[in-house]
There are 2 protein chains.
Amino acid sequence: MSDKRAKLVIVDDHLIVLEGLQKLLQNAANITVEGTFTTGAAFLTFLEQHSVDIVLLDISLPDTNGIDLCREIKKLSPATIVLALSNHNERSMVLQMLQQGASGYLLKNIAGDELIVCIQEALNGEMTFSQAVKEIMSRPSVAELKGIPRLTKREKEILQLIAEGQTTPDIAATLHLSPLTVETHRKSLLQKFEVKNVALLIRMAVEHKLL
Amino acid sequence: MSDKRAKLVIVDDHLIVLEGLQKLLQNAANITVEGTFTTGAAFLTFLEQHSVDIVLLDISLPDTNGIDLCREIKKLSPATIVLALSNHNERSMVLQMLQQGASGYLLKNIAGDELIVCIQEALNGEMTFSQAVKEIMSRPSVAELKGIPRLTKREKEILQLIAEGQTTPDIAATLHLSPLTVETHRKSLLQKFEVKNVALLIRMAVEHKLL
DNA sequence: GATAAAATACCTGGAAACAGGTAGAAATAA
DNA sequence: TTATTTCTACCTGTTTCCAGGTATTTTATC
């Protein structure tokens, strides 16, 4: 990468984090913090007028979320490198960010020198992750080992109603279906999730954030 | 309160937060940051040798949690004021910390001047909360409107097993009880949670973080 | 237009859940 | 030591769940 100082921007609604990051970055040669923003909208406005090499992006923001914002950033300025910086250590979150074009994912417990290394790597066009993230991604979660089953529209609908405590006859009534039909869908749900009763079904659904 | 500079300590495993807080506090008159720690154990060791007026305590720590650590701190040095500083914005967390003797609860999205005001209030012996926390505490959560039922040891045990997908006969076998006894406990659970089947029971349990 | 996937509906039968009790022993708290 | 709670266990019934199918119609998809 070039010798010019990279223009970096931080988007995070926590003042503490903003200050902390700037402190950690002030020692880094060839990086200039061009600005800090506490909302996604504020940053997007800035991005329309200025060029930004890399953005450290918090995932939980007051007006939007990191996933949507990342997509917006990439649409507006594809060359801008997005590095997610978050407290969320869930695999699904990491994957979603990458899918939206993020170049890496850092957890906020990252060490100071590690942070600078990761930023350099990202600037070099590499994918980069903080140590903790690498560990999370290396061991697949129990939930993901089985994979999230693909549910049909009806199945989702019926899963929802089961989770609301409705019995098979109840569901049949609310959806104007035969109880036998509902039974069939219910069985499909149990099969797809590879569980043997509703207790586990609900747990799986909650784990997969389907409720 | 006295004119002496208050001795403040920060316990947080996130370097970014540590740096950020110090930056925000460096302008505050009459507060000196005496030390920063990334584990509960490290701080407790320090506390045995030194006097500390106030500690900013993160709740999620690698070796322990804020609730237990707060209790330890208060046992070792009752005069030390504990201010919780956390990302968790759940009522239950706030209440638990207060129960362990914390003098206040701040969220990490706190503003810089707000932080200093809160610390001053705490030093004056007052209870103090960041704005966001006040809002959370003012409107009781849906979960708490209904109240979290108090479960007996057996009931918790059986709830756990139900959530694992075990049937009544299964549970009876694993606990060496009569299935009829298990049925009784199961009914108590349904009654206490005011639900009519396991689907809702599991959801309630998940919502109340009992699983 | 053919093929696949999804949605609908049915059947049989056994197991479990749920609702409504009662009641004695054991542990805890007042 | 009472009083209260918790744990234990039982009984009677009805309803729902769950497992194992089959089969037709509708809706996408190629």
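Since the structure is predicted, the reported quantities are computational estimates derived from the model, not experimental observations. The sequence lines fix the lettering, A, B, ..., with proteins before strands; numbering per chain opens at 1.
- Looking at B:K196, its side chain does come within 3.5 Å of a backbone N or O of A:G165 through a donor-acceptor pair.
- Although no hydrogens or angles enter the test, the distance criterion places no donor-acceptor pair under 3.5 Å between the side chain of B:N124 and the main chain of B:E121.
- No side-chain donor-acceptor contact under 3.5 Å links B:S77 to the backbone of B:I73.
- In this structure, A:K74 contributes its side chain and A:T80 its backbone to a donor-acceptor pair below 3.5 Å.
- Nucleotides of DNA chain D with any atom under 4.0 Å from a heavy atom of chain A span, from 5' to 3', D:dT16 to D:dG21.
- Of the possible polar contacts, one joining the A:D63 side chain to the A:A41 backbone as a donor-acceptor pair under 3.5 Å is found.
- When atom types are taken as modelled, the side chain of A:S130 and the backbone of A:L107 share a donor-acceptor pair closer than 3.5 angstrom.
- Atom CG of B:L190 is separated from atom P of C:dA17 by 11 Å (rounded to the nearest Å).
- Here C:dA17 presents its P atom at 13 Å from CG of B:L189, a figure rounded to the nearest Å.
- Side-chain N or O atoms of A:R203 include one that pairs as donor or acceptor with a backbone N or O of B:A163 at under 3.5 Å.
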Nucleotide N/O to protein N/O under 3.5 Å, stretch nucleotides 6-12 of chain C:
| from | atom 1 | to | atom 2 | distance (Å) |
| --- | --- | --- | --- | --- |
| C:dA6 | OP1 | A:R150 | NH2 | 2.8 |
| C:dA7 | OP1 | A:R154 | N | 3.2 |
| C:dA7 | OP2 | A:T152 | OG1 | 2.2 |
| C:dT8 | OP1 | A:R154 | NE | 3.1 |
| C:dT8 | OP1 | A:R154 | NH2 | 2.6 |
| C:dT8 | OP2 | A:R154 | NE | 2.6 |
| C:dT8 | OP2 | A:H185 | NE2 | 3.2 |
| C:dA9 | OP2 | A:S178 | N | 2.8 |
| C:dA9 | OP2 | A:T181 | OG1 | 3.0 |
| C:dA9 | O5' | A:T181 | OG1 | 3.2 |
| C:dC10 | OP2 | A:S178 | OG | 2.8 |
| C:dC10 | N4 | A:T184 | OG1 | 3.4 |

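- No donor-acceptor distance shorter than 3.5 angstrom exists from the side chain of B:D13 to the backbone of B:L61, with no hydrogens or angles considered.
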